[in-house]
Structures are given as structure tokens and as C-alpha cells.
Amino acid sequence: MDFYGFYTGKEFQAYEYLGAHVEGKETVFRTFAPNAREIWVIGEFNDWQGTPMQKVYDGNFWECRIEGAKEGMMYKYRIHGANGRILDHCDPYGFGMELRPHSASLIRRLDKRQWKDAAWMEKRSVCKDKPLNIYELHMGSWKKKTEAEDGWYSYTEMAKLLVPYLKENHYQYIEVLPLSEHPMDASWGYQNTGFFSPTSRYGTAEQLQEFVDYLHRNEIGVILDFVPVHFAVDDYALWQYDGTALYEYPHVDVGVSEWGSCNFMHSRGEVRSFLQSAAYYWLEKYHMDGLRMDAVSNLIYWQGDVRRGENKGALQFLQTMNVGLKEAFPTAILAAEDSSAYVGVTKAVSEGGLGFDYKWDMGWMNDTLDYCKKNRREREQVYHQLTFSMQYFYQENYILPLSHDEVVHGKASIFQKMNGDYEGKFPQAKTLYLYMFTHPGKKLNFMGNEFAQVREWDEKREQDWMLFAYPNHENFYNFMKKLHQVYEKTPALYEKDYDREGFVWVDCAQTKPCVYVYERRSDYQRVLVLLNFSDETQTFAVNPEDKKGLKLLIATDEEKFGGERTYRRKLSSKAGALEVELGAFSAQCYEVLE
């Protein structure tokens, strides 16, 4: 390990030195604890009685070698801290951990996997000019073996269940809520104790590698949710690791996050090296295809509060990490979940930006869902709530997210957010999604959205698959499946997402209440989109100008999707202007014939 790089926040593979590493018949244990008075390794191999560690290098690192410590065995570090307390800690760089409520680290080898995904890895890209439809899921509640709290499928079992579903629905990637070990199920993985340990809820590290490998062999990418902001307060983990605030701030005003967890002290080089090594580790050892960085606004500004100013140390950390990750993994996707208006999140670091490939468009999400909650008359008053996104869209490379955060904590499911009664919500939700998939930007939807999940997400329960027995939900699912296919097969809907030539308003002046019309364009294709967010049937005259006609790609109110309309697949403009009728709460998408 480059020790100078470790101290200055430039190291990306600290896990190759720190942690537990099997070397022949013995395992070498190393940890960074500069203020500890003494440290013992306790584990199954010494009957939990302890083997003393010795200071190495500059005295800030500790090491010991133990013969008979084998792969799969449990261990902890018994640390006599600078504060006088003696605590048993899991290994900050441990490659595995016990299932909660237990907290021992596990000796793991990660070099045994014979990867079979070379074809995928060679052609992988960040998809700027390709379709990118991401299915966000929580591994423990997509489907469950039993209704018991721990009735989860393993990583390998989940892979076999997921792939047919993902391929049927034309998803190119999945995004998995954090898989690093965490003590509380209800945190969904966002309050970690083991940043290098895949959660044992769903199996072993090797099984997670098989999960990713299997998806790759089926041409599906895997993005992992990564949490570089904060960590769990459990005293067996990073908190007061050597008896001092080694990873966290010593002061409560900036040391405690809005979630009650500990904020990382990003101004420390050792902390930056720890976090960027964790990010590198998931991309290297597990072949993850990208990382979605959680709560980036809490890194940009102190405590996520613009009024408190920019956190220069955290900004430097993001820039250094993103540059290093892109140098090593240029085709891995780096996405920022950032709710702030900070400019330059997806700009290159060399140009003063933060170096992400994508940023979640939280403004689009908030404006769109708020609009859909309103009735028709209220929508007329805030007509431009749906046009506003295109005024700022080209500032960043955006992903349009309807994520897990929007379907919990009393917010209601996406389907339930639609205005009106149960029956009336379906056509509105279809129109919302046609709008989403024809709007510039890549797409992300949380599990259950695709079949109009009614209840809020609960991590203890699987999705309500019984809804497929109800025609409304089955029709909605078939509509979404077709919409995904149209998106995937229509270059005008993705090739120029971040090019101003890729989008043109045809009508956004409220000439008709709640009607919006625009074109999406690529070099060789044009697509016309018409949206009617009102409860009245309306007509729109399509200017024939350079159009020979229109070819229907999809309409929300087609009979096969539970609607009441049949459509001619092609409309000719030879007789002059085309009159297109838009049913209540409906949308249509056409390829322009030139």
C-alpha cells in the first residue's frame, strides 16, 4: 500500500493491505488504529482468547499472523482505546460479517471466482447515447421464500428469479439498495457497519459475485447504491474505533447527521482513502457496473444545508474519488443522488465539476408528482410545472427517478399519488409514465411501480404479486412492458438525451388545457408525443409541413391496455393537417414518417 497516499487521501486499494488476508496456512490481520493502546485478535481460531497485534510501519498500523485462521472463521479486534474503554470491534476492512444482531467479521477470500462475463465487460458503456432503463430494487423484499422476517432468497436464487422478469420488461440495468452490511433491516442498508462486507442476509461474498456474473451473462448491468456520507452509531463498528473520533467528526454540530448517524470526516486523508477504496472494491471485486452515491447534497454543503456553505473537504473527496474511479473503470456509471441546485455535478473535474456521469433530477420528480396529485382545474393553473424541467435540463446529465424514497413514510405509492378514485388513477399513471419515458434523460423506477403497486413499500413484505390477478393491474403491467420496449427500440428517445437538438416543443403554450406536444429527435428519426392531462377529450391539429404521416408506437388508452380505443397504426397527412384526438387522461407517441 502507498502509505503516503493513504494519509493524503489518494489511496484506492487500501483493502489489499488492511483487513484479513489468507496467505498459505496462516492469515495476516492488519488494522489502522493510531491511538489504540493495545489490540488483540479474537476469533474461532484461538477460542476467542486473543492473539496480540504488534505495531508496524509508523506505529499507526497493527498486524499479526495466525496459523490455523481459515476462510469462513469469525474474528474481532479487541481494542484498548485511548479513552480507556475496551471494545470488541468488527474489522473496518473486513470482507464479510455475521448476520445481525451478531457482529463478528468473517475471513473471506475473493480471488476464487472464475468470472465468465468478459463479453459484457468489454462492451459495457455509460449509455449516454443508449437506452438506460434502471429497475431499482431492495433485495430482501422483491420476492421472499416465506413471510417470515428473514424469509429471503439467496443472491444466487434471486439471480435466477430476476433475470427472466428483467428481460421480459426490457430493463438494461438494475440498481440495488446498499448491500454492505448493516445492523437494522429498516435502514435498508443506508446505515452501514461493514463497508467491505456484502450483507450475509442473502448469502456469501462468492454468491454475490455469482449473482453479478449471472446477470452480466444475460446482458443486464448492476448498479450498487453506495453510502459515502455517514455510518451507523453501533459501538462495535467505526464509532470511536481506537478510542478517538477516527472516522467521524469530534464535534456534535457537524458530527451527527440528520438521520442520527455519524458523519464521516472527509477532510481526513485516511477517511477519504477508506471510502474511495470501498467504492473501488465493489467495482473491482464484484464487477459492479456503477455506483449510485447517496445523499450527495450532504457532502456538497455542511449537513446538506446551503446556508452553512460548501464542505470543501468533502467536495475534494468527491472529485478525487470520481477521477480515480473513472481512470480505473471508465465504463462504470457514477450517479449522484443530489437534491441541491449545485451546478457542475456531471461536469468533468478538469473543468471544475464533480465528475459524475449522471445526476438524479429531483426537481423533475417533485414537480411532476405534485402536478399529478392535482385535479384538472388545479393543473390548468400550474400548466408550466411540467414544462419547467426543460428550462434547466441541459445543465447536467440527468436521470429521471421515481425511486424508493417516493413510496415510503406516508408519501403513498406512485399509483396512489394520482388524482381521483381507484379506477381513475390508472389512465393518469399511464400518461405519467409515457411522459417520463419520452422526456429527455435516462429512467429509473422502483420495484412495484411497473404494475401499479397500491400500498407503500415495506421492507418486511414482498411486493404484492397477487395484483396480477386483477385486470387493471395486469393491463397496466402490459402497458409498461410495451412502453419499455418502445423506449429500447426507438433511438429518438435516447440517442440525443443531452443534446439540445434532441428535443423540440411543438405546443407548450396552453392552447388547450393540460395538453403538451413535443418531438424527440435523433439523426435519423423523429418521434411526436402528445399528452392530455385533463379529464376531457381534446383534439390537436398536427401540422403536416415535412411529415408524410405518423406511425403509432404506443397509446395509453389502447384496448389491449385496458382502454376503450382502437387506433389505426398509420395516419397519412396527404389530405392536409392531421386531427389527432386525445382521450381524457391519455397520451400518444408516434414515429414521424418523412
Measure the shortest side-chain to side-chain distance between [X] and [Y] over non-hydrogen atoms and say whether it is less than 4.5 angstrom.
X: Leu166; Y: Tyr173; answer: no
X: Trp115; Y: Arg217; answer: no
X: Asn397; Y: Phe356; answer: no
X: His21; Y: Phe95; answer: yes
X: Tyr135; Y: Glu175; answer: no
X: Val126; Y: Lys326; answer: yes

When you check the side-chain N and O atoms of [X] and [Y], is any donor under 3.5 Å from an acceptor?
X: Tyr171; Y: Asn445; value: no
X: Thr346; Y: Glu396; value: yes
X: Tyr286; Y: Tyr281; value: yes
X: Asn298; Y: Glu258; value: yes
X: Ser103; Y: Lys76; value: yes
X: Gln209; Y: Tyr155; value: no
X: Ser261; Y: Ser257; value: yes
X: Ser180; Y: Asn192; value: yes
X: Gln453; Y: Gln463; value: yes
X: Ser413; Y: Glu456; value: no
X: Gln303; Y: Asn263; value: yes
X: His287; Y: Asp117; value: yes
X: Tyr241; Y: Asn35; value: no
X: Tyr57; Y: Trp62; value: no

Would [X] and [Y] count as a cation-pi pair here, with the cationic atom under 6.0 angstrom from the ring centre and within 45° of the axis?
X: Arg292; Y: Phe226; answer: no
X: Lys128; Y: Tyr358; answer: yes
X: Arg307; Y: Trp302; answer: no
X: Lys160; Y: Tyr214; answer: yes

Angle between ring planes, [X] versus [Y], binned at 30° and 60°: parallel, tilted or perpendicular?
X: Phe61; Y: Phe3; value: perpendicular
X: Phe451; Y: Trp465; value: tilted
X: Trp457; Y: Trp188; value: tilted

For the [atom1] atom on [X], are there more than 12 heavy atoms of other groups (residues, nucleotides or ligands in this structure) within a distance under 6.0 Å?
X: Lys144; atom1: NZ; value: yes
X: Lys145; atom1: NZ; value: yes
X: Glu23; atom1: CD; value: yes

Taking salt bridge (charged side-chain N to carboxylate O under 4.0 Å, His left out) as the criterion, tell me which of Arg109, Lys112, Arg108 meets it with Glu71.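 Going through the options one by one, the only one that passes is Lys112.
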Compute the ring centroids of Tyr93 and Phe195, then answer whether they are less than 6.0 Å apart.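 Judged by ring-centre distance (under 6.0 Å), Tyr93 and Phe195 do not meet the cut-off.
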Any salt bridge linking Lys116 with Asp213? Criterion: basic side-chain nitrogen under 4.0 Å from a carboxylate oxygen.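 Salt bridge: no.
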Mind running ring pair (Phe, Tyr, Trp, His ring centres under 6.0 Å) on Tyr202 and Phe211 for me, showing each step along the way? CA-CA 11 Å; Tyr202 319 123; Phe211 173 87; 9.6 Å; no
Main chain of His404, side chain of Glu406: is a donor-acceptor contact present, judged purely on distance under 3.5 Å?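 Judged by distance alone, no pair lies under 3.5 Å.
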Using ring pair (Phe, Tyr, Trp, His ring centres under 6.0 Å), reason through Phe274 and Phe196 one step at a time and then give a plain yes or no. CA-CA 10 Å; Phe274 171 81; Phe196 294 81; 5.6 Å; yes
With sequence neighbours excluded, what pairs up with Tyr75 under the ring pair (Phe, Tyr, Trp, His ring centres under 6.0 Å) test?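 Expected list: Phe29, Tyr77.
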If you measure from CG on Leu177 to OG on Ser403, what distance do you get to the nearest 0.5 Å?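 Nearest 0.5 Å value for the CG-OG distance: 8.5 Å.
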Nearest 0.5 Å, what's the OG-CG distance between Ser340 and Asp305?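 Going from the OG atom of Ser340 to the CG atom of Asp305 covers 11.5 Å.
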